[in-house]
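Here is how names work: the chains are called A, B, and so on, in the same order as the sequence lines, proteins then strands, and each is numbered from 1. Note that these values count all heavy atoms, side chains included, but never hydrogens, waters or copies made by symmetry.
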Number of protein chains: 6
Amino acid sequence: VGFSGADIKNLVNEAALLAGRKNKKHVEMEDFEEARDKIQLGSVREEKIEENDKKIIAYHESGHTLVARLLPGTDTLQKVTIIPRGRALGATEQVPDTERHNLSRSYLLNRITVLLGGRAAEKLVFGDLTSGASNDLKTATHLAREMVCQWGMSEKLGPVSFPVGENHPFLGREMAQERNFSEYTAKRIDEEIQNIIEAAENRASDLLEQERKRLDTLAEALLERELLEAGEIESLLDFKQEDDE
Amino acid sequence: VGFSGADIKNLVNEAALLAGRKNKKHVEMEDFEEARDKIQLGSVREEKIEENDKKIIAYHESGHTLVARLLPGTDTLQKVTIIPRGRALGATEQVPDTERHNLSRSYLLNRITVLLGGRAAEKLVFGDLTSGASNDLKTATHLAREMVCQWGMSEKLGPVSFPVGENHPFLGREMAQERNFSEYTAKRIDEEIQNIIEAAENRASDLLEQERKRLDTLAEALLERELLEAGEIESLLDFKQEDDE
Amino acid sequence: VGFSGADIKNLVNEAALLAGRKNKKHVEMEDFEEARDKIQLGSVREEKIEENDKKIIAYHESGHTLVARLLPGTDTLQKVTIIPRGRALGATEQVPDTERHNLSRSYLLNRITVLLGGRAAEKLVFGDLTSGASNDLKTATHLAREMVCQWGMSEKLGPVSFPVGENHPFLGREMAQERNFSEYTAKRIDEEIQNIIEAAENRASDLLEQERKRLDTLAEALLERELLEAGEIESLLDFKQEDDE
Amino acid sequence: VGFSGADIKNLVNEAALLAGRKNKKHVEMEDFEEARDKIQLGSVREEKIEENDKKIIAYHESGHTLVARLLPGTDTLQKVTIIPRGRALGATEQVPDTERHNLSRSYLLNRITVLLGGRAAEKLVFGDLTSGASNDLKTATHLAREMVCQWGMSEKLGPVSFPVGENHPFLGREMAQERNFSEYTAKRIDEEIQNIIEAAENRASDLLEQERKRLDTLAEALLERELLEAGEIESLLDFKQEDDE
Amino acid sequence: VGFSGADIKNLVNEAALLAGRKNKKHVEMEDFEEARDKIQLGSVREEKIEENDKKIIAYHESGHTLVARLLPGTDTLQKVTIIPRGRALGATEQVPDTERHNLSRSYLLNRITVLLGGRAAEKLVFGDLTSGASNDLKTATHLAREMVCQWGMSEKLGPVSFPVGENHPFLGREMAQERNFSEYTAKRIDEEIQNIIEAAENRASDLLEQERKRLDTLAEALLERELLEAGEIESLLDFKQEDDE
Amino acid sequence: VGFSGADIKNLVNEAALLAGRKNKKHVEMEDFEEARDKIQLGSVREEKIEENDKKIIAYHESGHTLVARLLPGTDTLQKVTIIPRGRALGATEQVPDTERHNLSRSYLLNRITVLLGGRAAEKLVFGDLTSGASNDLKTATHLAREMVCQWGMSEKLGPVSFPVGENHPFLGREMAQERNFSEYTAKRIDEEIQNIIEAAENRASDLLEQERKRLDTLAEALLERELLEAGEIESLLDFKQEDDE
């Protein structure tokens, strides 16, 4: 898999055109990326999002935000928004207090749980699922795979290391490395990944079910104001009496 | 797989010729696409369609149309036609009311059911199947695969993400991404896809069997007029008493 | 798989030579095809076919012809011949009455049965099989595969679509598309293909056994005259009393 | 698999050198083949063959020859020799009476039995096997594979066609075609191939055991004279009383 | 897998730029490596490491160091440090007394145990695991694989040799060689690798549990001084009474 | 797998440099090979081998030598040495009396036993194994694979031929040919290879255990003199009374 000769030619032409329009002397990486996006996605059109979709997105982002706020040791919440940007229809931003050098097993499990919080909220509130969680699932699965395959964090497979795909710097696509283990091991890896992901989803669902009221508060505020800063989130959720850290 | 060196040479030559005939200065994407079609399909010949084939096509399109009309939340019907266009012998056009940003599980299941409505009509009326449903099956399978593999919409596999093939922008062919999961998981994915597809087919069949009269009305009108606009469809099907939305 | 750099060079040279001998200014597709054949097959030599081989071929073609005549809804018989042409040692020609746009399941099953009629005749008459049926088997298998994988015509696998190989326009070879389904599904597909093929073979065998006399008549006439037109076939087989369509 | 860029460069250089030494204006296919052989095998050295090896070769060739003479319908024996030629240490030559257009199942089974006759003789006489039968096994396996996969000659797999590797015109290597069938089918194909091959070996062994005396006569004459023409073989084996065809 | 045409172009450009900045006349290997790192990793930023992370790293390195000191026949300890260098957050350096030409099974088992000592310490002290052990696991698995596949050091698989991936000199990535053994053998190889790795981990854990006090001493000293030379380690651990070699 | 574009470029440059230093006009094959070795291995450093390693090597080579001397029909012993040459730390040289054209099953089993004699000696004397036997295992496995797959020398798989990897003339690496048989057959091949190899190892071990004294004598002499010619070996082992051939 990869670009054929003709694709590359097209990609290079498109990138050259884009660079030319910006009066650049050289074609730069960003031109290649823009060219690729244009070929693959077509031009992005700004469009109005329907009220119904907006509500789903608001609950999705509130799910991420609330789970992130409830779990100890996750990165600090920055803001949450349902203003679309690029292809994303909403975003929950967390920033680590310090550069994280070593990711611990417990931190990673929390992070996966936060990633599944959006989907868990949709399921809880609307009893339906949407394609919007696609990137959350991809990232969560990738993290779970690394926990099992690279970081020895699965009880069953132990400290054996298995090659996983790498992100291809140009095409934005994960490339599978040639597998040097057996089908039997592949099955065990899949089972461990599914276990990690499903445990995290259950944890996210439980947290949101217990805190349904706060989830509604957050989603309603988000629908109204479209962007909430860390301070606003904190005062809306009103945890003061319960936790003082 | 892909084009060999000789193929590419031929493709480029053909595209250059086509661009030349249109007095273009540069070979454009559409020239490449036309060249590819010409090489792969030969020139398209306009031909008369036999009465018997026409009847099958009319019922096929009426199947899509009626299922689309019966299911709530699907995109709005625009028109249905049995006038051949390009390689398609007929078409049912639906247009979403608004840009769809998030595709919900229920919407997707309906869409797959509409896609299988053509085949279900053929089976119901003629007790036979034709090769004409090939593209419907391909699209329905692709959607079901994405539901299971990308969007976490299968109960059994849960919110784990599995890479699926991407459409190759040039060759119109879906390219399988290198698989990073086990044979055991592949089997479970196949089973879930088959479950989704077969449930949708049964649903389409049931709907058409219950509404056989309306199916006949639509197909007969279509055979006569060859193209029906949304309004005509509506008045033919005559749902007024039953639903008012 | 495919042509190596050296092969392509050779192919291009050979094609250029062939085009040159015909005083063409450009190398055309047909030159490439001729070059490929010359490289892969060597020059074709006209040779006398032995009496024994001729008899087998006559029964083989008569098998195709008689099954085609006996099955309803197949394409109209044009002629049958045992005069060798290119690599083929005989041929049964059928022409559709009209352009076929939609191939129905019943039509396809008949077509596969006709394809296996040659082999069935050899088996019935000589109790042996020959390599001459190779292309019939290839075509029949390909059709059965498309019925199962593209056209949803297998009960067991239903309306799920599976990618199948495409004919490579240059090399005359079928290229397998990267498989995106499980080994378990592959096994079920193989079983369905074998079921379709074997049912068709049994059907062809039964028909020929019941009509053994007419098979002998046809084969003998073919051995004598080497080519039979539609009218001659019809009067030889003498179905007048039995069917009037 | 295939030649790398560097290999091709080397191959082309070597072929150009060889063509140059022969004062040719163009590099021809035979130059490429000679170059490939030189790179892969080094220069061939003429060497004396030990008495013990010679005896094994004599029995090996006599095995082929005797089985070929005993089986009806095989190609006519031309000569048998133990004079080394190229890489072969001996040869049994058979020529078909007429060009064979259709290969029958019974003819193919006989041919495979002849191919295994050399090995069967070694086993019978020396109770050991040698690497010298390598090409016989390769050819016999290839024929058995085609019987099963291309020509529908296996009872179990029936008239289904499976792609098999093709001989690559340049590299003298069989290239496996991408497999479009299941592991389960692959296993059944393997079993059928092994059945055909082992039945043929048993048949060859039985024939040679029954005709051990004639085998010794032939091998001894071959050791003495090194080359036997058809007439000499016939008078040595002395079948006059038994068969008159 | 590998670099696409576009990647290579980018790599070459980047390397040329880097070589130019150093006023070199030719692009050298180190320029390619630097270019690759820059593309894949971005520029490295110097950053402060948190107290909590530092403590984990200190115990991790102390785990390696203590296990290395406790096991006989391992390479001589040089120093241990938690000063970050490049991407590594700490390091335990061992130097062989002499060039090792033959690696014995017992030496290799010890080396794998030392590699797992870092992770074992983290688990023992913090009850958690971190991603920081990733390279240890990779190296340990690679060694175990070579023991089983290249060096015949597994009881179960014996002295059979199986191809393993090689390090690709340019891309720093291990390339899997095409596998020429069965899935069944692959499973047995995986099991043996896991057995070796898990036995080593248990051994490391046992050693550290027994010597927990010395582990604490070492980690505390390391947190304070950040780098310990061989002599300092020796006096801190104070084995004088127990062993005199 | 293979060299990437960048690798080839580097290889070509390095080879050109090497050829230039030798004042050659053309880059020759040997330059490519030297370049490849330099890139893959770095420059070789001459280093002193430790006494302990030397003793292991002496026993390893004595194992090969003694087994070779004890087994009938193996090639004639030339010399044995523990003077390192290139990457090899020792060598046992055998030369066939005459060019071997046909390799018999019994000869091959003996050769594999000789190859495993080095490892068997290490195991017997030191109760440990070293990585030094790696090439012996590779060669022995390759021979066993050819016996099973090419030469029909396995009882279980019989005279069926299976493609095996070929040595790639440039990269010194064995390239797996695309497999055209089933996983089930692959498992049976693996089992047969393991049976051959393990039987040979047991045989080597038994021989050396019975002749332990002679093994010690040989190893001690080798440690002292570092190289033993055929005559010296013969007088050291002192078989005069026992065998007279």
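- Using a 4.5 Å cut-off between heavy atoms, A:Glu201 contacts chain B through its side chain alone, with no backbone atom that close.
- Remark: B:Gln210 CD to B:Asp206 CG distance equals 6.0 Å, nearest 0.5 Å.
- Residues B:Lys79 and B:Glu232 are not paired through a salt bridge, judged by the lack of any N-O separation under 4.0 Å between the basic side chain and the carboxylate.
- Across B:Thr185, B:Leu108, B:Leu103, the residue that shares the most heavy-atom pairs under 4.5 angstrom with chain A is B:Leu103.
- Remark: B:Lys187 engages B:Glu191 in a salt bridge, criterion side-chain N to carboxylate O under 4.0 Å.
- In terms of heavy-atom pairs under 4.5 Å with chain A, the best-connected choice from B:Gly158, B:Ser104, B:Ser161, B:Pro159 is B:Pro159.
- Note that CE of A:Met147 is 4.5 Å distant from CD1 of A:Ile196, once rounded to the nearest 0.5 Å.
- With hydrogens and angles left out, the side-chain atoms of B:Tyr107 and B:Asn102 include no donor and acceptor closer than 3.5 Å.
- At a 4.5 Å heavy-atom cutoff, the contact between A:Glu183 and chain B is made by backbone and side-chain atoms alike.
- Taking chain B as the reference chain and counting heavy-atom pairs below 4.5 Å, the highest number among A:Thr141, A:Ile56, A:Leu116 is found for A:Thr141.
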